[in-house]
2 protein chains.
Amino acid sequence: MKKKLLISDIAKQLNVSITTVSFILNGKAKEKRISDDLTERVQKLVEEVGYRPNQLAQSLRTGKTRTIGLMVEDISNPFFANIARLIEERAYQEGYKIVYCSTEDDSDRTKELISMFRDMHVDGYIITPPQGVEEDVEKLIKDGFPVVLVDRQVAGIHTHCVIVDNLSGAYNATAHLMEQGYQNIAFVTTDSRQSQMLQRLEGYRKALAEKQLEPAVLEVPYRYDAKQMLRKIVSFFEETESIDAVLFATNYMAVRGLEAISQFNPQGLPANLGVASYDDHDVFKLLKPTITAVAQPTEAIANHVINLMLHLLNPKNKTSEADTIVLPTQLIIRNSTPRKEVVA
Amino acid sequence: MKKKLLISDIAKQLNVSITTVSFILNGKAKEKRISDDLTERVQKLVEEVGYRPNQLAQSLRTGKTRTIGLMVEDISNPFFANIARLIEERAYQEGYKIVYCSTEDDSDRTKELISMFRDMHVDGYIITPPQGVEEDVEKLIKDGFPVVLVDRQVAGIHTHCVIVDNLSGAYNATAHLMEQGYQNIAFVTTDSRQSQMLQRLEGYRKALAEKQLEPAVLEVPYRYDAKQMLRKIVSFFEETESIDAVLFATNYMAVRGLEAISQFNPQGLPANLGVASYDDHDVFKLLKPTITAVAQPTEAIANHVINLMLHLLNPKNKTSEADTIVLPTQLIIRNSTPRKEVVA
DNA sequence: TTGAAAGCGCTAACAT
DNA sequence: ATGTTAGCGCTTTCAA
């Protein structure tokens, strides 16, 4: 029984014109000085028969879909999943739908997705940009679409952006390790040149430099799958035995790394190896020992992002300056970074 | 600049009619006996100038959006996240978009989402139904929409369905625990009356009954948050000290449960407590000990679901019988279920 | 205050 | 083989 109701059905039943119904439905009753009585009757009938305007027709006509495209690196990463969930919730409250997808940090894929979103006529874009999509995103901006970048900045894209203070986060974690007495602190990261990764590296280096310690950086190619990554990390540990602590640049690298370590050392974490991770993860407090981590303020990130986007989406607001919001991280000290026993 | 190209622009530039272009674009060139030459010229120009049909107009006209609505219980649960990812990939290959969201197993929310999907004019629905949405889903079916249920069945909804053999899965896990010498095996589940949960319970009971062992079931209210759940589990363990093994009914309950146990017993898992979980989880192989689990065939589930959906979506296929596909689970034996030491 | 009518951009039945 | 044209269902200008 797909007897779709039309606006004309409503109009007919009340012996008024389509226009009138449309005005009322779009909250222009007052503005158009339609009698309160009629307004009410229309609303009542609409409610009763459950009439819902055809969104496709509406969108075709207005050019607006009340949909926001959200592209994160990997929706199955808890960090992004959380942000997505929070953004979605706020968006819904404001009458916006979210459609999301994962870029997998692949620029070609991302370009396709952007193009898909354009085809879908999303009203705004929230993106964690991989490298190599500068042009496409700039085009979006030039074409007048609201674009908010999250988690990382990309040189060459001039738009609103919500990131965290990666440098300080990594710096603090490294400093903490040093304070606990670790001297040979490794940093395991990806080979990606993304701003957030580079800044974490920089924070790590900066902290070490202040104490004249030598950095030991392992860059695992981003494209490596779990197994390759694990192998790479294992061999890194084998080659550099002097290491007494390690800071992982992302939570998923930490998870792989811990697997690597436990493979290398089936008894669990060597008692004298300090471990910390940039980016928290649910399981870190489950593991033995629990893992020290740099937590990112997901809620604040999500709120800033969606607020910015809603602001940009509101035609009343003049196009404001492209501004970058930098949020602080929080070092959560757990048991994986105990004071190092000095083996005399 | 947003100089949107129209089909009429293409037509004009080639001095042909809109119809011709439309036919060619929709692969009806042969059928309409349009000259190969023209066909090629049109395709070339379309390619060159990057013309893309307006999907809104297309959809408004055809009534099809080439979009599938996917509603899972919780997209941040790895089980569902995986299935979603796999489904999405296949869908894209076939030219379909996926829009997903989480029901949180709340029937009101789910009803709203269904209604939202209707408003969006999705072509088909893939749903992990909570209870209480029977009517709404049946309405969907009656209105002629393809509907495929996943993960659980609901009495009163007669449609295609892809589930796993929950009973056997739980039975096997329980049997395994008994074989390892455990005698007082608890089952920690939710109070949800969903088919998959009930079947897991039944599998557990069945295995125990065969050996005349007594069941010990803890039902944690689904609405409990992590903290409440944890507390509940802790007190259950405290009250029932004789327990020597526990089977968790879902992976997230297992995660909470392990937290509970470790809180109860900070040294880690008591050496003589067997632990297994229905539903695998990435971290199970990271924990000490690694956790025995009943793995669900996510890939097979996703494939069956999307194949079914694509089949239903194809107008060439007559509406086939509503069939239920039941897939087998796999028991992955890890270190958390060692042979029990008989303490003489 | 309300209504008629012109599109939004496309598809497809019908005509040629 | 290709063109004309009537919608899909809605918003909104313009007229009354």
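Letters A, B, ... are given to chains in the order of the sequence lines, protein chains preceding strands, and every chain is numbered from 1.
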Within this structure, what is the [atom1]-to-[atom2] distance between [X] and [N], rounded to whole angstrom?
| X | N | atom1 | atom2 | answer |
| --- | --- | --- | --- | --- |
| B/I10 | C/dT11 | CD1 | C1' | 16 Å |
| A/L56 | D/dG9 | CG | P | 10 Å |
| A/I18 | C/dA5 | CD1 | P | 12 Å |
| A/D119 | C/dG9 | CG | P | 14 Å |
| B/L14 | D/dA1 | CG | P | 18 Å |
| A/L5 | D/dG9 | CG | C1' | 13 Å |
| B/K12 | C/dG9 | NZ | P | 12 Å |

- Message: Given C/dG9, D/dG3, C/dT11, identify the nucleotide with an atom nearest to the side chain of B/S22.
- Response: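 My answer, after comparing the listed nucleotides, is C/dT11.
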- Message: Counting the atoms with a prime plus P, OP1 and OP2 as sugar-phosphate, which does A/L6 contact under 4.0 Å by heavy atoms, base, sugar-phosphate, or nothing?
- Response: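 Touches sugar-phosphate only.
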- Tell me which residues in residues 23-39 of chain B put a heavy atom below 4.0 Å from DNA chain C, sorted by number, or none.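 Under 4.0 Å from DNA chain C: B/F23, B/N26, B/K28.
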- Message: Please determine whether any donor N or O and acceptor N or O are separated by less than 3.5 Å between the side chain of B/T19 and the base of C/dA12.
- Response: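 Under the 3.5 Å cut-off, the side chain and the base do form a donor-acceptor pair.
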- Item | Closest-nucleotide ordering on DNA chain D, the 5'-leading residue of A/I7 and B/R61 |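 Looking at the nearest nucleotide for each, B/R61 comes out on the 5' side.
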